[in-house]
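By convention here, the first residue in the shown sequence is residue 1.
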Amino acid sequence: MGCASCGTANGLPKGCKNNGACGVSGCDKLSVFDWLSDMEQPVEALRCYTVEVRFKNDRKEFYENESKLPLAMGDVVVVESSPGHDVGVVSMTGELVRIQMQNKGVRTKNISGKIFRKAHDQDINTWHDYRTREHGVMLEARKIARSLGLEMKISDVEFQGDGQKAIFYYTSDSRVDFRQLIREFAAVFKCRIEMRQIGYRQEASKLGGIGSCGRELCCSTWLTDFRSVSTAAARYQQLSINPQKIAGQCGKLKCCLNYELDSYLEALNDFPPSDASVSTKNGKANCVKIDVFKKEVWLAYENSANFTWYKFSLADVNSFLADNKRGTQVEPLEDLYKSENETLSNYKIDFIEQDDIEQFEKKHQRKKKQRRKPNPNQQQRAKNQSGEPGTQGQRRNKNRSKSGNRNTGNRSANKPNQAANNQPERTSQKTQKPNSPKNKQGE
């Protein structure tokens, strides 16, 4: 979406190149809806002239509008800084700023400075020039830090509006001595250097990205504060403790694990504790799994070779536990499960045949028969069996003929009526009778 600072150059959209951080509705990734914009303080002395100004990414600070300039959301202003001045975008004005200061615990004496004026074209051009240099400066700074052997990662660089100061954001697991690094940066970049260490979640909110849900990261779009997330939130929601699934791009637990935690805790009040056991006539049975939405509980025997899980409703399990409190053991899980499922026989269940889910993936094409390539070993074996002169196949055929004659001789001795048929028949097949002994001998 475009904004007031976007323009055109040579017929093409120029853009503010703020990557969605220019502070206008729809273009600001941490925009705030001013629901008190139509309400003004009737008393002039009680009006709030404090303005919230946003800089690169999610950095926001409060400034006093001492000159009482008519400012609105999206205006580019020049604010006080040390040294020089900085350029930012107004993100909030009016009575909503006072409420925001109360939420963040910012007092009036801790306000950063004051607003000088609205930014001119020269101020905006200088600001954009230094913004375009930030990526190259970050890559050069990483090379210098690597050459010094420092265990740190420079994740972002932010230049001041007038270019007199540059803020380097870095992440590190240990304490870093960057005194020599600051000297190297000051000699190369010719400005005042400020180093700020941030956490991995702050780094993810500054850089942004797409989460596993397919949406932009919450910390870079609308989440303004970070709350601690523990693995207990995943256990309450029956999620597997798999770091690859419950961890975000920052390497920490996902912030969205806290969104539905209160609903799960409220629903779990009706369920028995996780260490509860049901005393049956066949032994104790423990709770191995629960379904919060369907209100179902799975039970399994303790210290038994039978690893079968039996599913019961929440009301049935609570009744089992109530019987145990009265000192009575319930029937075995097998009998209880059968008695509960016998009621399903009174209902007629119609099964609908479902098509194959891969029917659109299969290509209905006839498979072409591929001719097998001749195997050279099989060809050589066929030649040997064909009886070529001087080959091993010929000797085999001679041996077979001898054994065949020997067998026919034995047959003729046993059957004198067929002794005369040992010689080969020279007559044609047409003159032979179908029921003649010659045909039988040939068969």
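The neighbour count for K165 NZ, taken as heavy atoms of other residues, nucleotides or ligands under 6.0 Å away, is above 12. Atom CD of Q197 has more than 12 neighbouring heavy atoms from other residues, nucleotides or ligands inside a 6.0 Å radius.
A donor-acceptor contact shorter than 3.5 Å links the side chain of K254 to the backbone of K245. Put simply, the side chain of N324 gets close to the backbone of T328: a donor and an acceptor are under 3.5 Å apart. At distances below 3.5 Å, at least one donor-acceptor pair connects side-chain atoms of Q237 with backbone N or O atoms of L257. With D335 contributing its side chain and P332 its backbone, the two residues share no donor-acceptor pair below 3.5 Å. Here the side chain of E80 pairs no donor or acceptor atom with the backbone of I115 at under 3.5 angstrom. Side-chain atoms of D291 do not come within 3.5 Å of backbone N or O of K295 as any donor-acceptor pair.
Ring centroid separation for the pair Y170 and F178 comes in under the 6.0 Å cut-off.
Remark: of the listed residues K153, Q202, E158, E194, E158 is the sole one forming a side-chain hydrogen bond (donor to acceptor under 3.5 Å, both in side chains) with Y169. Each of Q100, R107, M92 was evaluated against F62; a single residue qualifies, Q100, per the side-chain contact (heavy atoms from CB on, under 4.5 Å) test. For the side-chain hydrogen bond (donor to acceptor under 3.5 Å, both in side chains) criterion with S81, the lone passing option out of Q164, Q160, E61 is Q160. Tested against R179 for a side-chain contact (heavy atoms from CB on, under 4.5 Å), the candidates L181, D177, I182 yield a single pass: D177.
With rounding to the nearest 0.5 Å, the separation of NZ in K114 from CD in E64 is 11.0 Å. Within the model, atoms CE of M195 and CD1 of I154 stand 5.0 Å from one another, a figure rounded to the nearest 0.5 Å. Note that CG of N286 and OH of Y301 are 12.0 Å apart. Values are rounded to the nearest 0.5 Å. With values rounded to the nearest 0.5 angstrom, M138 atom CE is found 5.0 Å from H135 atom NE2. Between L261 atom CG and C256 atom SG the span is 11.5 Å, to the nearest 0.5 Å. Rounding to the nearest 0.5 Å places CD of E203 at 10.5 Å from CD of Q249.
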Item checked: W298 vs Y310, side-chain contact (heavy atoms from CB on, under 4.5 Å): CA-CA, chis, key distance, verdict -> CA-CA 5 Å; W298 279 261; Y310 299 93; over 6 Å; no

Checklist line | Trace of the side-chain contact (heavy atoms from CB on, under 4.5 Å) decision for K104 with E52 | finding: CA-CA 12 Å; K104 293 185 176 181; E52 185 186 59; 3.7 Å; yes

Next item on the list: Please test I290 against Q238 for side-chain contact (heavy atoms from CB on, under 4.5 Å), starting from the C-alpha separation and ending with a verdict.
Entry: CA-CA 8 Å; I290 63 174; Q238 307 297 319; 3.5 Å; yes

Next item on the list: Could you please spell out the steps behind the side-chain contact (heavy atoms from CB on, under 4.5 Å) verdict for T132 and H128?
Entry: CA-CA 6 Å; T132 55; H128 285 174; 5.6 Å; no

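The ring-ring contact (aromatic ring centres under 6.0 Å, His included) analysis of residues 263-282, with sequence neighbours excluded, yields the pairs Y264-F293.
Side chain to side chain, T231 and R235 meet the donor-acceptor criterion of an N or O pair below 3.5 Å. Side-chain N/O atoms of S313 and K294 include no donor and acceptor closer than 3.5 Å. No side-chain N or O of S319 forms a donor-acceptor pair with one of D316 less than 3.5 Å apart.
D156 has a carboxylate O that lies under 4.0 Å from a charged side-chain N of K56, or vice versa, which qualifies the two as a salt bridge. A salt bridge between E134 and R131 is present, with a side-chain N of the basic residue lying under 4.0 Å from a carboxylate O of the acidic one. Using a 4.0 Å cut-off between a side-chain N of Lys or Arg and a carboxylate O of Asp or Glu, R59 and D86 qualify as a salt bridge.
Side-chain contact between C219 and R201 is absent, with no heavy-atom pair separated by less than 4.5 Å. Taking 4.5 Å as the limit, every side-chain heavy atom of K284 sits out of range of all side-chain heavy atoms of V278. Considering only heavy atoms from C-beta on, S147 stays 4.5 Å or farther from R142 through its side chain. For the pair F185/C191, no side-chain contact is recorded, criterion being any heavy-atom separation below 4.5 Å from C-beta on. You'll find the side chain of Y63 stays beyond 4.5 Å of the side chain of V77, heavy atoms only. In this structure the side chain of T280 never reaches within 4.5 angstrom of the side chain of F320, judged on heavy atoms. For the pair V53 and V89, the minimum side-chain heavy-atom distance is 4.5 Å or more. Looking at heavy atoms from C-beta onward, F312 lies out of side-chain contact with V297 at the 4.5 angstrom threshold.
The two residues I198 and S155 come nearest to each other via the heavy atoms CD1-OG, 3.8 Å. In terms of heavy-atom proximity, S205 sits nearest to S220 at O-CB, 3.4 Å. Contact between V317 and P272 at its shortest, heavy atoms only, is CG1-CG, 4.2 Å. Across all their heavy atoms, Y130 and G161 have their closest contact at CD1-O, 4.2 Å. Across every non-hydrogen atom of L268 and Y236, the tightest pair is CD1-O, 3.7 Å. Considering all non-hydrogen atoms of both residues, A300 and W309 come closest at CB-CD1, 3.7 Å.
Within the cation-pi definition used here (under 6.0 Å to the ring centroid, within 45° of the axis), R133 qualifies as a partner of F159.
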